[in-house]
Structure formats: structure tokens, C-alpha cells
Amino acid sequence: MEVFWYIIIAIVLAVFFILDGYDFGTGIIHLFFAKDEKDKEVIAKSAGLFWDSNEVWLVTAGGMLFMAFPTFYASAFSGFYLPLILVLWLIIFRAIGLEFRSQFKYQMWKDIWDASFGVSSLLLALFFGIALGNVVRGVNLGGVENGVSVYEGHYFFLPLWDSSFSPLSKTPGVIDWFTIIIGLISVVTLAIHGANWVILKTNSSINSKLKNVIFKLNIVLTALTIFSLMIWQIVNPNSLDNFIDKPYLIVFPMIYLTGLIGLFFIKKIKKDIYGFVLSTLLILGGITSSLASLFPVLLPSVNTVNEPLTIYNTAASEYGLSVALNWGIIGFILLFVYMIIQKRLMGGKIDKMDYGH
């Protein structure tokens, strides 16, 4: 049951980053490339019509973590307390930026909330990438100092950064040079995804320009990917062991590679949906590759005193997991019905759909 729930939660998280990821990316595109008011309005609308339904998947993932792996949930939500509070505020400011910008016609009012939407989206993409960097790097479980645990072995607390700013520190912070690089990969990936979403859902005047932007960002992403793989071997020398021991796991990096290579042909792609599918493969391949490299570990330990958190030592009882399955089926049926109805209502280009008035 542990493996089953791990796979289900991984799928839910991947769906969240695919769906709400284009909202983050749309905000980044809105911040840097939307100049005319008509483009700003329609690009904001392409995120505003969907963001609240997309975030249902984040709530679902949090609830399922609490249900299936309560020890990991308690550890992560206490250890990552500071960045989680920042993420919460960024989600709030992104949402009110979208909801408030069209309430009044004054330009200064629109500029304030446009900045709120764009900057919050950029920082959310960065912080979610930094979060992934923390997971693959590991944390100081137990708060070990001089070989002695300050907390129980499954708890930890991270400052925003350590004075050394190094992932190799015995007491790393949330932000270091390694997690920043993973955060930048997240920003570039979601900006590509957001650009593809804008092209798919709008008739914005910058759509043709966005294909050039995607091509250039893909070059940056390729360089960052290669660089991150090199330094990952320094941070975690055993990071590729799972792929060597279980060669079938190579399918997940191949998904990422397919999206990465395909996006180099973005200028030749005629159907807008194909570009969106390729950036979806980027996100799906990146998340699944990271999880596959760690399995069955959920959170590595950077010390040798306390064991890493795994799906086995953090899971709920077998009875609890089996009971949750029944309720989970009902919940997923409701979730999928909600999503299908919402997507059908918002099908096609959204330029003339009403929002925010």
C-alpha cells in the first residue's frame, strides 16, 4: 500500500505542476513580455480563469500526504516552515493580483496588481524549484550537532540560508547555490510552459514572439540541466544509483529529454497544442526523474546519525491506508468530474471570455 499511495501522490503533484505550472509561467510571461494593455488583459485572463481549479490539486496532494505519510507531513511542514509561509503569501498575492486588476480602470491600480501577479508567479516558480532542490539534496534530520540529535530523528528545522551558502554544509539552509540552480531550472521550465499556454489559449499579439522566447529559453534550460547534473554528483554522489540498479527507470529522464529536444523545433510546430505537450513532458519528466532517483526515500538525511525518511518509516498503518483507499476513490471521482466540466466550459481561445468585471 505504501508504494501505491506514493505513486498516486506523485501523480497528483505532477498534475499540479503541469496545470498550475502554466499559471506561474503565464505570470512570468506577463511580467516581462506583455506591454500593451490588450495583451496584459488577455494573458492575465488565461491564468485567471483556471488558477483556482488548478490549485485544487495542491490541496489534494497535501491532504493525501497527511493521510498516507503523516510522519513525513509533520516533519516537512515543520522543517520547511519559513519557506512555506513565504509560498503561502506569494499564492495570496498572485491570486489577488489576478482578481483585483480589473476592478478599476485606473492605470496605476492595474500596474500594482500586474506587478503582484507577475512577481509572485516568478517567486513561486523559484521557491518550488528550491523546494525540489532541498528534497534531492537532503536535510539535517534530527538537527544533529557534534554527533548528537537536538530533535527526534525525523524532525528538522532549516533557516532560509546557512552562513556558508553551501549544500555541503552539515547544517544547510533552504537556499544555497545548489537549490538556487534547481530553482532557476524551475523558473525557465515554467516560463516555457506558460508561453506555450498563452500561445494555445489566446490570440495575443506577442504569440509569434513567444516562440522565439521559448527557443532561447530552451537553450538556457539545456545548459542549466547539464550543469545541474554535474553538480548533483558533487552534492549526492549516489544520485544515479537507482537508474543503474533499475534500468527501466530511465524512461523518466527520456520523457524529459523528449520535451527538451522537441522544443528546439518550436518555430516549425504548426499546431499550438504540440508545443504545450512538449513543455508538459518537461515538467512530467523532471519531477518523475527526481522522485525515481530517490525512491523509496522521501527526504534524505545529510548526517549519518539519523536514517532518511522513506515511504516505509513514515507511512500510516496498513489499516489506515486501506480505509483511505475507499474515500480516495470517491474524492478522485468528484475531482475529475469538476476538472472535466471546468475544462470543457473553458475550451478553445479565451480572448472574448469575461473575467474580473
### Query
Does a side-chain N-to-carboxylate-O contact under 4.0 Å join Arg94 and Asp20?
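Yes, this pair counts.
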Are there over 12 heavy-atom neighbours, none belonging to [X], within less than 6.0 Å of that residue's [atom1]?
X: Phe165; atom1: CZ; result: yes
X: Tyr274; atom1: OH; result: no
X: Phe332; atom1: CZ; result: yes
X: Lys246; atom1: NZ; result: yes
X: Trp89; atom1: CH2; result: no
X: Lys170; atom1: NZ; result: no
X: Glu55; atom1: CD; result: yes

Please answer whether the main-chain N or O of [Y] pairs with a side-chain N or O of [X] as donor and acceptor at a distance below 3.5 Å.
X: Asp176; Y: Phe178; value: yes
X: His193; Y: Ile18; value: yes
X: Ser116; Y: Ile112; value: no
X: Thr280; Y: Phe276; value: yes

Would [X] end up clustered with [Y] when hydrophobic side chains under 4.5 Å apart are linked, directly or stepwise?
X: Phe32; Y: Leu190; result: yes
X: Tyr151; Y: Leu82; result: yes
X: Ile330; Y: Ile9; result: no
X: Leu13; Y: Phe336; result: yes
X: Val302; Y: Ile182; result: no

Specify the closest pair of heavy atoms between [X] and [Y], including all atoms of both residues, with the distance to one decimal.
X: Leu158; Y: Arg137; value: CD1-NH2, 3.8 Å
X: Asn134; Y: Val139; value: O-CG1, 4.4 Å
X: Asn306; Y: Leu141; value: ND2-O, 2.8 Å
X: Ser186; Y: Gly129; value: CB-CA, 3.5 Å
X: Ile28; Y: Ser121; value: N-CB, 4.2 Å
X: Ala315; Y: Pro70; value: C-CD, 4.1 Å

Any [X] side-chain heavy atom under 4.5 Å of [Y] side chain:
X: Trp51; Y: Glu99; value: yes
X: Lys110; Y: Lys40; value: no
X: Ser289; Y: Pro253; value: yes
X: Ser166; Y: Trp177; value: yes
X: Trp113; Y: Ile96; value: yes
X: Met339; Y: Leu19; value: yes
X: Phe117; Y: His30; value: yes
X: Ile130; Y: Pro83; value: no

With rounding to the nearest 0.5 Å, note down the distance linking [atom1] in [X] to [atom2] in [Y].
X: Leu263; Y: Leu217; atom1: CG; atom2: CG; value: 10.0 Å
X: Asn218; Y: Thr189; atom1: CG; atom2: OG1; value: 9.0 Å
X: Ser46; Y: Leu200; atom1: OG; atom2: CG; value: 10.0 Å
X: Met254; Y: Thr288; atom1: CE; atom2: OG1; value: 12.5 Å
X: Leu321; Y: Glu2; atom1: CG; atom2: CD; value: 6.0 Å
X: Ile219; Y: Ile214; atom1: CD1; atom2: CD1; value: 12.5 Å

### Worked verdict on Leu335 versus Trp57 for side-chain contact (heavy atoms from CB on, under 4.5 Å)
CA-CA 9 Å; Leu335 177 58; Trp57 292 89; 3.7 Å; yes
Measure the acute angle between the ring planes of [X] and [Y], then classify it against the limits of 30° and 60° as parallel, tilted or perpendicular.
X: Phe104; Y: Tyr106; answer: parallel
X: Trp197; Y: Phe50; answer: perpendicular
X: Phe24; Y: Phe128; answer: parallel
X: Phe80; Y: Phe156; answer: perpendicular

### Query
Is the NZ or CZ atom of Lys209 both under 6.0 Å from the centre of the six-membered ring of Phe33 and within 45° of that ring's axis?
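Not flagged: Lys209 not positioned over aromatic ring of Phe33.
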### Task
Go through the steps for Lys105 and Glu41 under the test salt bridge (Lys or Arg N to Asp or Glu O under 4.0 Å), then give the verdict.
CA-CA 12 Å; Lys105 298 297 182 182; Glu41 182 175 346; over 6 Å; no
Which side-chain N or O atoms in residues 225-234 pair as donor and acceptor under 3.5 Å with protein atoms at least two apart or in another chain?
unit_1, atom_1, unit_2, atom_2, d
Thr225, OG1, Leu221, O, 2.7
Thr225, OG1, Tyr256, OH, 2.7
Ser228, OG, Leu224, O, 3.2
Ser228, OG, Thr225, O, 2.8
Gln233, NE2, Ser239, OG, 2.9

### Derivation of the side-chain contact (heavy atoms from CB on, under 4.5 Å) call for Leu294 and Asn242
CA-CA 7 Å; Leu294 294 173; Asn242 270 1; 5.8 Å; no
### Query
Under 3.5 Å, is there a donor-acceptor pair between the Asp39 and Ser205 side chains?
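Note: Asp39 and Ser205 side chains meet the donor-acceptor criterion.
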### Message
Determine whether the aromatic ring centres of residues Phe295 and Tyr6 are separated by less than 6.0 angstrom.
### Response
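For Tyr6 and Phe295, the ring centres are under 6.0 Å apart.
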### Task
With side-chain contact (heavy atoms from CB on, under 4.5 Å) as the test, would you mind laying out the steps for Lys211 and Ile199 before giving the verdict?
CA-CA 8 Å; Lys211 290 200 172 185; Ile199 293 170; 3.9 Å; yes
#### Entry: side-chain contact (heavy atoms from CB on, under 4.5 Å) between Ile333 and Ile329, intermediate numbers included
CA-CA 6 Å; Ile333 291 173; Ile329 292 172; 4.1 Å; yes
